[in-house]
Protein chains: 2
Amino acid sequence: MAIGRPRAFDTEKALDQALGVFREKGYEGASLSDLTAAMGINPPSLYAAFGNKEALFGKALDRYAERHAGFYKDALARPTAREAVEALLAGAIDMATDAGSPRGCLLVSGALACGDDADPIRAELTRRRAEGELMLRRRFEQAKREGDLPPDTSPADLARYVTTVLQGMAVQAAGGAGRKDLRRVAETALRVLP
Amino acid sequence: MAIGRPRAFDTEKALDQALGVFREKGYEGASLSDLTAAMGINPPSLYAAFGNKEALFGKALDRYAERHAGFYKDALARPTAREAVEALLAGAIDMATDAGSPRGCLLVSGALACGDDADPIRAELTRRRAEGELMLRRRFEQAKREGDLPPDTSPADLARYVTTVLQGMAVQAAGGAGRKDLRRVAETALRVLP
DNA sequence: GCGTTTGTGTAGCGAGCACTACAGATGGAA
DNA sequence: TTCCATCTGTAGTGCTCGCTACACAAACGC
């Protein structure tokens with residue numbers, strides 16, 4: 001055991017609570033009182049364990065990626081491009097409308113437009129959204145090489161289209177759209193696939 | 001002329017400036033210093049002319065609807081459903097990537113997730129997005145009655161799909177996507193139409 | 001001229017923000 | 001038992017937030 005007084009709270013659980021607040025209120029809308037209240041700790045404990053609000057958001061974002069957005073990589077591993085997109089849409093719908101968490105997607109609603117202070121956060125979220133789009137594009141390029149997608153397909157255009165639908169569904173979910181609604185959207189969106 | 005000292009600034013121009021700040025930083029991210037600086041007035045003038053920050057946002061939102069989202073109703077007036085959707089997508093792309101204004105759509109990036117204070121704003125934006133979707137649904141219902149759309153079409157599902165694509169494009173635009181990129185997205189999205 | 005009405009600029013209000021100084025508490029090491 | 005390292009709760013810090021009191025300025029009718 002480490003030297004010194006042991007930490008009286010579970011940093012993983014506290015991070016989950018913080019993530020919940022950030023998902024619900026966004027980066028700017030989440031105040032430190034909101035965060036400490038949800039995490040069940042006092043400010044000094046938060047700062048000792050996580051640095052500051054920006055660093056806490058970064059750690060919550062990493063946790064979000066591995067816990068709630070893990071479906072993304074799994075989906076891309078499906079054997080065909082169509083199955084991959086199906087899994088992507090289904091997974092995103094489940095994640096964005098999960099009853100246990102605030103609706104929507106942290107990458108979209110965390111900080112779409114914000115003040116100057118939060119601009120690094122906005123840029124990081126933008127970067128991660130673009131990263132996801134790039135992964136999908138690579139997957140489509142592979143499918144094209146394998147003959148799974150027709151030779152006249154544009155992987156870049158298709159990836160941007162699917163990403164746009166995913167992001168639109170995040171907005172819909174934030175606005176209260178239900179699972180059934182979004183499944184129909186996904187079904188319609190899938191019709192463009194060959 | 002009205003009695004009393006005349007107002008020394010143009011309320012319409014000031015409102016346009018405020019709208020620009022709200023589009024760039026969202027409702028929460030736009031501080032009163034940001035607003036008064038952009039509008040070229042002092043706080044008391046702002047409060048005398050517009051009420052408070054929330055009321056100012058409401059007026060800016062109305063102005064946004066008539067000035068930058070007027071394409072929406074025009075698009076729905078097109079003779080066919082396909083033309084309507086084409087005009088809708090093209091208009092949204094022009095609006096969201098207009099060089100003279102911040103990128104994106106105020107209805108989407110104004111307040112997707114926010115603190116408790118801004119919750120009425122978030123709810124109002126959600127309401128207006130749903131309103132747009134409903135208008136589109138009504139247009140599809142009309143098209144179905146006219147035989148412009150096949151009888152097995154679901155106007156509700158199609159409207160939600162198109163709205164989702166529009167909202168996704170708003171997120172893409174906020175992230176820096178260009179006009180060409182979004183035109184290709186629109187082209188792909190249009191393929192689901194009969 | 002005068003009084004009334006309305007708008008303007010200065011200057012500052014209370015409240016909440018992100019963040020921290022500090023003293024006491026709690027463990028292992030010597 | 002003492003020392004030291006670390007964490008904890010209390011109680012703040014300075015700052016910016018949205019907003020306003022107040023005195024002065026500029027138009028009107030009389």
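Quick note on labels: first sequence line is chain A, next is B, and so on, each numbered from 1.
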Base versus backbone protein contacts along nucleotides 12-17 of chain C [heavy-atom cut-off under 4.0 Å; B, S, -]: -----S

Distance check: side-chain N/O of A:Arg7 vs OP1/OP2 of D:dC7, anything under 4.0 Å?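 Affirmative; the distance criterion is met.
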
Would you mind classifying the nucleic acid contact of A:Ala48 as base, sugar-phosphate or nothing, using non-hydrogen atoms under 4.0 angstrom?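 Touches nothing.
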
Can you check the [X] [atom1] to [N] [atom2] distance for me, whole Å?
{"X": "B:Phe9", "N": "C:dG7", "atom1": "CZ", "atom2": "C1'", "value": "9 Å"}
{"X": "B:Tyr47", "N": "D:dC22", "atom1": "OH", "atom2": "P", "value": "18 Å"}
{"X": "A:Arg5", "N": "D:dC7", "atom1": "CZ", "atom2": "C1'", "value": "5 Å"}
{"X": "A:Asp116", "N": "D:dC17", "atom1": "CG", "atom2": "P", "value": "10 Å"}
{"X": "A:Ile41", "N": "C:dC19", "atom1": "CD1", "atom2": "P", "value": "14 Å"}
{"X": "B:Met39", "N": "C:dT8", "atom1": "CE", "atom2": "P", "value": "11 Å"}
{"X": "B:Leu35", "N": "D:dT16", "atom1": "CG", "atom2": "C1'", "value": "14 Å"}
{"X": "A:Asp10", "N": "D:dC7", "atom1": "CG", "atom2": "C1'", "value": "15 Å"}

Please compare B:Pro44 and A:Asn52 by the position of their nearest nucleotide in DNA chain C and report the one closer to 5'.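 Nearest-nucleotide comparison on DNA chain C picks B:Pro44.
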
Could B:Arg122 and B:Asp119 be called an ion pair, given the rule that one side-chain N must be under 4.0 Å from one carboxylate O?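 Yes, this pair counts.
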
More than 12 non-hydrogen atoms from neighbouring residues, nucleotides or ligands closer than 6.0 Å to CZ on B:Arg128, yes or no?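 Correct, the count exceeds 12.
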
Looking at B:Asp116, I'd like to know if its CG atom is crowded, meaning that more than 12 non-hydrogen atoms belonging to other residues, nucleotides or ligands lie closer than 6.0 Å.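 Check fails, neighbour count at 12 or below.
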
Are A:Lys53 and A:Tyr27 in a cation-pi contact, defined as NZ or CZ under 6.0 Å from the six-membered ring centre and within 45° of the axis?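 Because its charged atom sits under 6.0 Å from the ring centre and within 45° of the axis, A:Lys53 does stack over A:Tyr27.
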
Check the side chains of B:Asn42 and B:Ser45 for a donor-acceptor pair under 3.5 angstrom, ignoring hydrogens and angles.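 Not at all, the side chains of B:Ser45 and B:Asn42 share no donor-acceptor pair under 3.5 Å.
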
Verify the distance criterion only: is there a donor paired with an acceptor across the side chains of B:Thr164 and B:Gln167 at less than 3.5 Å?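 No.
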
Residue A:Pro6, side-chain heavy atoms: nucleotide from D:dT10, C:dT26, C:dG9 that is nearest: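 Output: C:dT26.
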
What's the closest nucleotide to the B:Asn42 side chain, out of D:dG9, C:dT10, C:dT5?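 Nucleotide nearest to B:Asn42's side chain: C:dT10.
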
Do B:Val165 and A:Val162 belong together in a cluster built from hydrophobic side chains that touch within less than 4.5 Å?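 Per the 4.5 Å side-chain linkage, B:Val165 and A:Val162 are co-clustered.
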
